[in-house]
Amino acid sequence: MSEVSIKTMLELIVPRLVKKIIETQNITEKEALTAVYASELYRQLEREETKLWHLSVPTLFDLWMEEKETGSITYPEEA
């Protein structure tokens with residue numbers, strides 16, 4: 001997948017992930033966006049070879065929460 005295609009996928013994924021974070025964490029949109037863009041999960045989403053961009057938003061949210069709570073991410077086997 002090209003870099004442009006990954007960016008397009010992220011434009012679809014990130015707003016839905018941010019919405020889920022806002023709903024569950026009771027934080028503002030700005031805080032949620034900052035948290036997502038500062039995360040290791042986002043850095044890995046940007047890398048085509050990780051294939052994380054084709055995971056569901058609930059799964060990505062779980063990975064984001066794991067990173068937030070433990071400082072690390074356990075990637076699912078389907079990634």
Side-chain angles (χ1 to χ4, degrees):
M1 180 178 278
S2 72
E3 185 175 324
V4 172
S5 296
I6 292 172
K7 297 248 184 243
T8 301
M9 290 299 296
L10 290 176
E11 288 173 4
L12 298 171
I13 295 168
V14 170
R16 294 170 44 214
L17 179 58
V18 165
K19 182 179 181 203
K20 177 100 171 138
I21 292 169
I22 291 168
E23 291 170 351
T24 60
Q25 302 299 299
N26 195 29
I27 61 176
T28 68
E29 182 177 14
K30 182 178 180 182
E31 291 169 323
L33 281 167
T34 299
V36 168
Y37 288 128
S39 70
E40 179 62 25
L41 177 64
Y42 183 78
R43 283 187 286 286
Q44 295 304 317
L45 270 169
E46 288 185 301
R47 296 178 57 225
E48 191 278 331
E49 61 272 10
T50 67
K51 307 289 189 224
L52 292 177
W53 43 266
H54 63 67
L55 296 175
S56 69
V57 170
T59 300
L60 291 171
F61 173 76
D62 290 343
L63 295 175
W64 180 83
M65 283 297 298
E66 179 184 7
E67 178 183 354
K68 180 181 176 217
E69 292 170 357
T70 68
S72 64
I73 302 170
T74 306
Y75 296 103
E77 289 194 24
E78 71 257 18

Heavy-atom distance under 4.5 Å between the side chains of T50 and R47, does that happen here?
-> yes

Find the distance between NE2 (H54) and CD1 (I13) and round it off to the nearest 0.5 Å.
-> 10.0 Å

Given T8 and S5, is the side chain to side chain donor-acceptor pair (under 3.5 Å) satisfied, shown in steps?
-> CA-CA 5 Å; T8 301; S5 296; 5.8 Å; no

Under 4.5 Å between any side-chain heavy atoms of L55 and L45, yes or no?
-> no

Of all heavy-atom pairs linking L10 and P15, the shortest is O-CD, 3.9 Å

Are the charged groups of E40 and R43 less than 4.0 angstrom apart, N to O?
-> yes

Mind checking whether E48 and W53 have side chains closer than 4.5 Å, heavy atoms only?
-> yes

Report the distance from atom CG of L60 to atom CE of M65, rounding to the nearest 0.5 Å.
-> 14.0 Å

Side chains of Y75 and Q44: closer than 4.5 Å at any heavy-atom pair?
-> yes

Check salt bridge (charged side-chain N to carboxylate O under 4.0 Å, His left out) between E11 and all other residues, then give those that pass, not counting sequence neighbours.
-> none

Going by atom types alone, do E31 and T34 pair a side-chain donor with an acceptor below 3.5 Å?
-> no

dist L63:CG -> S39:OG (nearest 0.5 Å) comes out at 10.0 Å

Nearest heavy-atom contact between I27 and I22 is O-CG2, 3.5 Å

Using distance alone, with no hydrogens and no angle criterion, decide if E66 and S72 have a side-chain donor and acceptor under 3.5 Å apart.
-> no

Taking side chain as C-beta onward, heavy atoms only, is I73 less than 4.5 Å from L41?
-> yes

Under a 4.5 Å cut-off applied to non-hydrogen side-chain atoms, are L17 and Y42 in contact?
-> no

Output, in order, the C-alpha distance, side-chain angles, deciding distance and verdict of side chain to side chain donor-acceptor pair (under 3.5 Å) for K68 and Q25.
-> CA-CA 11 Å; K68 180 181 176 217; Q25 302 299 299; 2.8 Å; yes

